[in-house]
Peer 1: 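If you scroll down you'll find the structure; I have some questions about it.
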Amino acid sequence: MASDAAVSKEGLVIPLIDFSRFLHGSPEERLNTARAILHGFQTAGFIYLSNHSIEPASLKRAFDHSARFFAQKTEDKLSVAWTTPRANRGYSAPGREKVSQLQTEEEVEKIRNAVPDLKESFEIGREGEPGYPNPWPAEGALTNFKGEMLEFFEECRLMHVEVMRAIAVGMGLEEGFFDSFVDVGDNTLRLLHYPSVKAEVFKINPGQVRAGEHSDYGSITLLFQDNRGGLQVQSPTGQFVDATPIEGTIVVNAGDLLARWSNDTIKSTIHRVVEPPGKEGIEYPPRYSIAYFCNPNFKSHIEAIPGTFATEEEKKYQGINSGDYLVQRLTATY
């Protein structure tokens, strides 16, 4: 078996897949694993990957640095503040971003004011992109932060390439079909902190969440969770189902641009972060997660993938530039 179920409820089946069988397996194991990955994206939009290429020590360092970054004084964090959708780098204070499925700034502003997301984040983009430098915190306060974050960024970039290769193999394409679309690394590493919060906050405001219902924008997202829980994925019945953390795994979900690229044969599924499962007294502890948002190279022109349509009339979307699409989506979010 290439996979078991990590989640199975309300018609939502998220497979747990041993990624080492694609990375290091026999030709038959690689093909079966690739097909399991593709099937998971086509049916659930989400998969869990075990035995992947991200080193545990590297992941621990990333989480440790994240905790130290968010423990800084507010003014120090604001000194590296997020600026524009085109740059998409830097610190966002609690309430700054409101993730949703809404398309306009005006619609987002209404719900941001009513029910702000209970999180703060720090975005790191590709280092060396002309005109858009990463705003790094002062080295004295966070020793080795920049170097180790860039190393982790690169580990995740290489994993993006491998997952896209698996999708290609699963679709019956050449393994390297996506390589020239994802080799630049126009991705975003996001450190996330959901501060401790009193349980009564969720009771006083029934619509309160830590991160609102949304789909991701790019090709895939690599999500590294701590053990607190709270991530939920929308099932085919419309109910939200807990995507419980499984130690040593990465939750990977398809984004809107990959769904579009696949002519909607791959799903970009709605998800959110809510009040943690189980009751922990009067206050919930903080939650940390790290998301690596993967995108096609910003210069790439995205057209329906061969094999996802029989005739030109079956193409659901016009071709689009990857970078322009992502800026358009981010503009409505902040």
Peer 1: Side chains of Ile37 and Val252: does their closest heavy-atom pair fall under 4.5 Å?
Peer 2: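 SC-SC contact between Ile37 and Val252 ruled out.
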Peer 1: State whether the side chain of Arg165 and the backbone N or O of Phe178 hold a donor-acceptor pair below 3.5 Å, judged by distance alone.
Peer 2: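 Judged by distance alone, no pair lies under 3.5 Å.
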Peer 1: Quick one: CG on Asn297 to OG on Ser180, what's the gap to the nearest 0.5 Å?
Peer 2: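 Output value for this atom pair is 8.0 Å.
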Peer 1: Going through the distances and angles, do Val161 and Asp179 end up as a side chain to side chain contact (heavy atoms under 4.5 Å, CB included)?
Peer 2: CA-CA 7 Å; Val161 172; Asp179 283 8; 4.0 Å; yes
Peer 1: Does Ser20 use its side chain to pair, donor to acceptor, with the backbone of Leu23 at less than 3.5 Å?
Peer 2: no
Peer 1: Checking side-chain polar atoms at under 3.5 Å, does Ser50 have a donor or acceptor matched by the opposite partner on Asp18?
Peer 2: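 No, because no side-chain N or O of Ser50 sits under 3.5 Å from a partner of the opposite role on Asp18.
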Peer 1: Can you get from Leu31 to Leu173 by hopping between Ile, Leu, Val, Met, Phe, Trp and Tyr side chains that sit under 4.5 Å apart?
Peer 2: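 Yes.
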Peer 1: Run Glu155 and Glu55 through side chain to side chain contact (heavy atoms under 4.5 Å, CB included) and show every step you take.
Peer 2: CA-CA 9 Å; Glu155 280 191 69; Glu55 292 293 332; 4.1 Å; yes
Peer 1: What heavy-atom pair brings Ile14 and Ala44 nearest, and what distance separates the two atoms?
Peer 2: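 Reported closest heavy-atom pair: CG1-CB, 4.2 Å.
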Peer 1: Rounded to the nearest 0.5 Å, how far does CD1 of Ile167 lie from CE of Met164?
Peer 2: 4.5 Å
Peer 1: Could you tell me which non-hydrogen atom of Arg126 sits nearest to which non-hydrogen atom of Arg89, and how far apart they are?
Peer 2: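 Heavy-atom minimum between the residues: O-NH2, 2.8 Å.
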Peer 1: Would you say the ring centroid of Phe224 lies under 6.0 angstrom from that of Phe152?
Peer 2: yes
Peer 1: With heavy-atom distances below 4.5 Å as the criterion, would you say the side chains of Phe177 and Val169 are in contact?
Peer 2: no
Peer 1: Heavy atoms, side chains only, cut-off 4.5 Å: are Leu257 and Ile320 in contact?
Peer 2: yes
Peer 1: Taking atom CG of Leu191 and atom CG of Leu189, what is their separation to the nearest 0.5 Å?
Peer 2: 5.5 Å
Peer 1: Answer yes or no: is there a side-chain heavy-atom contact under 4.5 Å between Met159 and Leu222?
Peer 2: yes
Peer 1: Looking at side-chain heavy atoms only, is the closest gap between Ile250 and Ile54 below 4.5 Å?
Peer 2: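 With C-beta onward as the side chain, the pair touches.
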Peer 1: Does the Ser262 side chain pair with the main chain of Leu258, one donor and one acceptor, at a distance under 3.5 Å?
Peer 2: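 Present.
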Peer 1: Side chains of Ser289 and Gln225: is there a donor and an acceptor less than 3.5 Å apart?
Peer 2: no
Peer 1: Enter the distance from Ser215:OG to Arg329:CZ here, rounded to the nearest 0.5 Å.
Peer 2: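 Answer rounded to 0.5 Å: 5.0 Å.
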Peer 1: Are the side chain of Asp186 and the backbone of Phe298 linked by a donor-acceptor contact shorter than 3.5 Å?
Peer 2: yes
Peer 1: Do Val184 and Ile220 share a hydrophobic cluster (ILVMFWY, side-chain heavy atoms under 4.5 Å, transitive)?
Peer 2: no
Peer 1: Under 3.5 Å, is there a donor-acceptor pair linking the side chains of Glu123 and Thr188?
Peer 2: no
Peer 1: Take Asp64 and Arg68 through the salt bridge (charged side-chain N to carboxylate O under 4.0 Å, His left out) test and state the conclusion after the steps.
Peer 2: CA-CA 6 Å; Asp64 288 347; Arg68 282 196 285 272; 5.3 Å; no
Peer 1: Do any N or O atoms from the side chain of Arg228 and from the backbone of Pro286 form a donor-acceptor pair under 3.5 angstrom?
Peer 2: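 Yes: the side chain of Arg228 pairs with the backbone of Pro286.
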Peer 1: Is it the case that over 12 heavy atoms from other parts of the model lie below 6.0 angstrom from the NZ atom of Lys198?
Peer 2: no
Peer 1: Looking only at atom types and distance, does a side-chain atom of His160 sit under 3.5 Å from a main-chain N or O of Leu158, one as donor and one as acceptor?
Peer 2: no
Peer 1: Say whether Tyr132 and Leu150 are linked into one hydrophobic cluster, either directly or through other cluster members, by side-chain heavy-atom distances under 4.5 angstrom.
Peer 2: no
Peer 1: If every non-hydrogen atom of Asp256 is compared with every non-hydrogen atom of Ser268, which pair is closest and at what distance?
Peer 2: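 Of all heavy-atom pairs spanning Asp256 and Ser268, the closest is OD1-OG, 2.6 Å.
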Peer 1: Would you mind listing every ring-ring contact (aromatic ring centres under 6.0 Å, His included) that reaches into residues 23-49, with sequence neighbours excluded?
Peer 2: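 Sorted result for residues 23-49: Phe46-His271.
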Peer 1: Taking the six-membered ring for Trp, are the ring centroids of Tyr288 and His193 within less than 6.0 Å of each other?
Peer 2: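 They qualify: ring centres under 6.0 Å apart.
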Peer 1: Centre of Phe240's six-membered ring, under 6.0 Å away, within 45 degrees of the axis: is that where NZ or CZ of Arg272 sits?
Peer 2: yes
Peer 1: Is any NZ, NE, NH1 or NH2 atom of the basic residue among Lys146 and Glu127 found under 4.0 Å from an Asp or Glu carboxylate oxygen of the other?
Peer 2: yes
Peer 1: Main chain of Gly323, side chain of Asn321: is a donor-acceptor contact present, judged purely on distance under 3.5 Å?
Peer 2: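 Between the backbone of Gly323 and the side chain of Asn321 there is a qualifying donor-acceptor contact (under 3.5 Å).
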Peer 1: Would you say Leu223 and Leu231 make side-chain contact, with heavy atoms under 4.5 Å?
Peer 2: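 A side-chain contact exists here, since the closest heavy-atom pair is under 4.5 Å.
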Peer 1: Hey, does the side chain of Glu314 reach the backbone of Ala310 with a donor-acceptor pair shorter than 3.5 angstrom?
Peer 2: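 A pair under 3.5 Å: yes.
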Peer 1: Let me check something: do Phe19 and Leu38 share a hydrophobic cluster, defined by ILVMFWY side-chain heavy atoms less than 4.5 Å apart, either directly or through other members?
Peer 2: yes
Peer 1: Would you indicate whether the side-chain heavy atoms of Ile305 and Asn263 approach each other to under 4.5 Å?
Peer 2: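 SC-SC contact between Asn263 and Ile305 ruled out.
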Peer 1: Whether the Glu247 and Thr249 side chains hold a donor-acceptor pair (N or O, under 3.5 Å, no angle test) is what I'd like checked.
Peer 2: no
Peer 1: Is the side chain of Ser300 donor-acceptor paired with the backbone N or O of Pro296 at a distance under 3.5 Å, no angle test?
Peer 2: no
Peer 1: Please evaluate residues Glu120 and Lys77 with respect to the criterion salt bridge (charged side-chain N to carboxylate O under 4.0 Å, His left out), reporting the C-alpha separation (whole Å), side-chain torsions for both, the decisive distance (0.1 Å), and the verdict.
Peer 2: CA-CA 10 Å; Glu120 56 182 342; Lys77 291 183 283 189; 3.1 Å; yes
Peer 1: Looking only at the aromatic ring of each residue, does the gap between the centers of Phe122 and Tyr91 stay below 6.0 angstrom?
Peer 2: no
Peer 1: Transitively linked via ILVMFWY side-chain contacts under 4.5 Å: Ile246 with Val7?
Peer 2: yes
Peer 1: Is it true that, when you exclude Glu174 itself, more than 12 heavy atoms of the residues, nucleotides or ligands shown sit nearer than 6.0 Å to its CD?
Peer 2: no
Peer 1: Kindly check if the number of other-residue, nucleotide or ligand heavy atoms within 6.0 Å of CD (Glu75) is above 12?
Peer 2: yes
Peer 1: Check the pair Glu283 / Val197 against side chain to side chain contact (heavy atoms under 4.5 Å, CB included), numbers first and verdict last.
Peer 2: CA-CA 6 Å; Glu283 188 169 50; Val197 58; 5.9 Å; no
Peer 1: So do Arg260 and Tyr325 actually touch side chain to side chain, heavy atoms under 4.5 Å?
Peer 2: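 Yes - at least one pair of side-chain heavy atoms lies under 4.5 Å apart.
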Peer 1: What's the separation between atom CG in Asp242 and atom CD in Gln232, rounded to the nearest 0.5 Å?
Peer 2: 5.0 Å
Peer 1: Per the side chain to side chain contact (heavy atoms under 4.5 Å, CB included) rule, which among Thr43, Asp216, Asn253, Val233 passes with Thr269?
Peer 2: Val233
Peer 1: Side chains of Ser219 and Asn295: do they bring a donor and an acceptor to under 3.5 Å?
Peer 2: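 Note: Ser219 and Asn295 side chains miss the donor-acceptor criterion.
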Peer 1: Between the side chain of His301 and the main-chain N/O of Ser322, is any donor-acceptor distance below 3.5 Å?
Peer 2: no
Peer 1: Of all the heavy-atom pairs spanning Lys315 and Glu303, show the shortest one and how long it is.
Peer 2: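 Shortest heavy-atom separation between Lys315 and Glu303 comes out as NZ-OE1, 3.8 Å.
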Peer 1: Checking side chain to side chain contact (heavy atoms under 4.5 Å, CB included) for the pair Asn88/Val327: CA distance, chi angles, key distance, verdict?
Peer 2: CA-CA 9 Å; Asn88 192 31; Val327 169; over 6 Å; no
Peer 1: Check whether the ring centres of Trp261 and Tyr317 lie less than 6.0 Å apart, and answer yes or no.
Peer 2: no
Peer 1: Compare every heavy atom of Ile47 with every heavy atom of Gly40, then report the nearest pair and how far apart it is.
Peer 2: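 Closest approach of Gly40 to Ile47: CA-CG2, 3.8 Å.
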Peer 1: Could you pull out the closest heavy-atom pair between Gly229 and Arg287, with the gap in Å?
Peer 2: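 Smallest heavy-atom distance, with atoms named: O-NE, 3.2 Å.
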